[in-house]
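For clarity, every value in this text was computed on a predicted model and none was experimentally measured. No hydrogens, no waters, no symmetry mates; every other heavy atom, side chains included, goes into these values.
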There are 2 protein chains.
Amino acid sequence: MTANDGALTQLRAWLAQRNLPSDGRLPAERELCELLGVSRGELRKALATLEDNGELWRHVGKGTFIGSRPVEEFSSVASIAEGSNPVEVMQARLLIEPMLAREAAINATNSHLDEMRRCVRIQREATTWRQYENADNRLHRTVAEASGNTVLTALFDQLNAVRRAVVWGRLRDTSNHPPENHHSFAQHDDIVIAISERDREAAYQAMYDHLSMVRKNLL
Amino acid sequence: MTANDGALTQLRAWLAQRNLPSDGRLPAERELCELLGVSRGELRKALATLEDNGELWRHVGKGTFIGSRPVEEFSSVASIAEGSNPVEVMQARLLIEPMLAREAAINATNSHLDEMRRCVRIQREATTWRQYENADNRLHRTVAEASGNTVLTALFDQLNAVRRAVVWGRLRDTSNHPPENHHSFAQHDDIVIAISERDREAAYQAMYDHLSMVRKNLL
DNA sequence: TTGCTTAACCAATAAATATTTGGTTAAATC
DNA sequence: GATTTAACCAAATATTTATTGGTTAAGCAA
């Protein structure tokens, strides 16, 4: 037993008989050491013990809180994009979007399917590259939404935001004409057909094949 | 031709001969109308024309910017959690985390593996439920990090934040003893072993089995 | 020496305040 | 009647101030 056990037991007793606020925050060190009648140094030793024990966590400027340290909130899109690159983004798309397509094959509603068909039609009729890209974004977004899982859809949105931020920093194809890449048309058709036929694995495979080609063209 | 064409052509000329900052922001209206020698009302008419034309976008408090209006950032963790539920979150975990484990089997470094082993050891030695949960979170986070893809790791973090926000609003097991669920120990071991043996599909399956049991216990 | 107290200071965070910005309205002016 | 001007608003940002945990060093006591 060391000398700081006094402060530690006193702190534990105080915590036990107190109803802390809902956020689990306890008073600032300078107040708390007065309440307990111990010096700040002793109090900090006791707090350090509890923190090592995982019973509370502290952070400069925030305070001291009961419970386990919360995971840091996700970083901003900009900071993620800064530490990443098109290859990583493309790999993430290849892993996530086929999965979304598979779920969409189960849960897509008729309005989802109508929207997908509208997107592929607009793409075929597009006269500018921007129109084409807008329709492409909307198609992929609709597939994500059709998965029927709002969390997965939100994750897709974030991935998409990162993708835009990453390619933003790179050179862009300045040509204004729509792509002549007719493979893309057929692949988009395959995706929509597989989903509308409720063929899970075909939807997965169609999206995978499509993104594989996108990646190939990227390199 | 209407009367505001004067301001419009003058604005277009000014834009043409100016090198705007990299963010595409142009001076505040009150400055710009002095620079151009037109009234603010006329300037705003001209700006409205260009905005309708999609050549610039404006926002209160921010300013006026050349180009097309940026897509809105993804929603906050709180708002996602509000519109979701534990079932959706669990489904998302079942789809994403096994995939992360598979990638981790390829890219995990020795320090990642050491950290994973440390987590399972702490879990076995845990005397409080909080300690156990801390180690569990850390283990899953380390697997995500070991995937070697910063974008996927960021997505995992967001999913994890949503998960915490969702279960936060529900009742919590208030018992303070660590779980006696020894299946979890074995399953965590299986995950770490599969990753350290670089067995991609075994890692995928181990994580899938583990989360399936978590889901079963949840219901 | 050894350990504790105290005070001052630091950087990170949060809270509060001030400023700037596009949007709107109404009286003044030509 | 149309335009200018000025004032005001709410959203967003910028700046300032206050608070918090973390650290250090001098003073003090056992």
Side-chain angles (χ1 to χ4, degrees), chain A residues 1-11 14-15 20-73 75-76 78-79, chain B residues 1-11 14-15 20-73 76 78:
Chain A
M1 285 237 181
T2 63
N4 68 38
D5 276 8
L8 184 58
T9 53
Q10 210 161 347
L11 174 57
W14 189 90
L15 287 173
L20 290 173
S22 62
D23 60 353
R25 178 176 186 179
L26 46 103
E29 291 181 354
R30 291 163 179 82
E31 299 175 35
L32 192 52
C33 65
E34 272 207 51
L35 289 175
L36 299 183
V38 299
S39 76
R40 201 181 154 205
E42 291 303 309
L43 172 62
R44 283 184 55 74
K45 283 186 195 169
L47 288 172
T49 305
L50 293 187
E51 188 178 27
D52 290 343
N53 214 16
E55 301 181 45
L56 54 82
W57 61 279
R58 307 181 274 179
H59 198 305
V60 207
K62 289 182 175 172
T64 305
F65 302 82
I66 293 291
S68 60
R69 182 183 307 272
V71 288
E72 52 180 313
E73 284 270 309
S75 344
S76 74
S79 66
Chain B
M1 285 232 180
T2 63
N4 68 37
D5 275 9
L8 185 57
T9 52
Q10 209 159 348
L11 175 56
W14 189 89
L15 287 174
L20 291 173
S22 62
D23 59 353
R25 177 176 186 178
L26 46 103
E29 291 181 356
R30 291 163 180 80
E31 299 175 35
L32 192 52
C33 64
E34 272 207 50
L35 289 175
L36 299 183
V38 299
S39 75
R40 199 181 157 204
E42 291 303 309
L43 172 62
R44 282 182 55 75
K45 284 184 196 170
L47 288 172
T49 305
L50 292 188
E51 187 178 27
D52 290 342
N53 215 15
E55 300 182 46
L56 53 82
W57 61 279
R58 306 182 276 181
H59 194 28
V60 208
K62 287 183 176 173
T64 305
F65 302 82
I66 294 290
S68 59
R69 186 181 304 273
V71 291
E72 53 180 314
E73 287 266 312
S76 73

Exercise. So, does the side chain of A:R30 form a donor-acceptor pair with the base of D:dG22 at under 3.5 Å?
Worked result: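 Under the 3.5 Å cut-off, the side chain and the base do form a donor-acceptor pair.
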
Could you tell me how far apart [X] ([atom1]) and [N] ([atom2]) are, to the nearest whole angstrom?
X     : N      : atom1 : atom2 : result
B:E29 : C:dT24 : CD    : C1'   : 11 Å
A:R69 : C:dT13 : CZ    : P     : 11 Å
B:D23 : C:dT21 : CG    : P     : 13 Å
B:F65 : C:dG22 : CZ    : C1'   : 11 Å
A:L56 : D:dG22 : CG    : C1'   : 15 Å
B:E31 : C:dT20 : CD    : P     : 10 Å
B:L43 : D:dT3  : CG    : P     : 14 Å
A:L26 : D:dT20 : CG    : P     : 12 Å

Distance test, side-chain N/O of [X] to OP1/OP2 of [N], below 4.0 Å:
X     : N      : value
B:K45 : D:dT3  : yes
A:T64 : D:dG21 : yes
B:H59 : D:dA12 : yes
A:R58 : D:dG22 : yes

For this session: Can you figure out which of C:dA12, D:dT5, C:dA14 approaches the side chain of A:K62 most closely?
Result: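 In terms of side-chain proximity for A:K62, the closest of C:dA12, D:dT5, C:dA14 is C:dA14.
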
For this session: Side chain of A:R44 only, please: which of C:dT21, D:dG22, D:dT20 is the nearest?
Result: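 So the nucleotide nearest the side chain must be D:dG22.
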
Exercise. Side chains of A:L11 and A:T49: closer than 4.5 Å at any heavy-atom pair?
Worked result: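 Heavy-atom side-chain distance check fails, nothing below 4.5 Å.
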
Exercise. Less than 4.5 Å apart, any side-chain heavy atom of A:L32 and any of A:T64?
Worked result: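 Sidechains of A:T64 and A:L32: no contact.
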
For this session: Report the distance from atom NZ of A:K45 to atom CD of A:E42, rounding to the nearest 0.5 Å.
Result: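 Between atom NZ of A:K45 and atom CD of A:E42 there are 4.5 Å.
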
Problem set entry | Approximate separation, where rounding is to 0.5 Å, of A:E51 CD and A:R44 CZ |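 Going from the CD atom of A:E51 to the CZ atom of A:R44 covers 9.0 Å.
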
For this session: Return the 5'-most residue of the pair B:G41, B:G61 with respect to DNA chain D, ranking by each residue's nearest nucleotide.
Result: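 Upstream on the strand: B:G41.
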
For this session: Between A:V60 and B:R40, name the one whose nearest nucleotide on DNA chain D is closer to the 5' end.
Result: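 The 5'-side residue here is B:R40.
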
Exercise. Looking only at heavy atoms, which two atoms of A:W57 and A:I66 are closest? And how far apart?
Worked result: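 Looking at all heavy atoms of both residues, the closest pair is NE1-O, 4.2 Å.
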
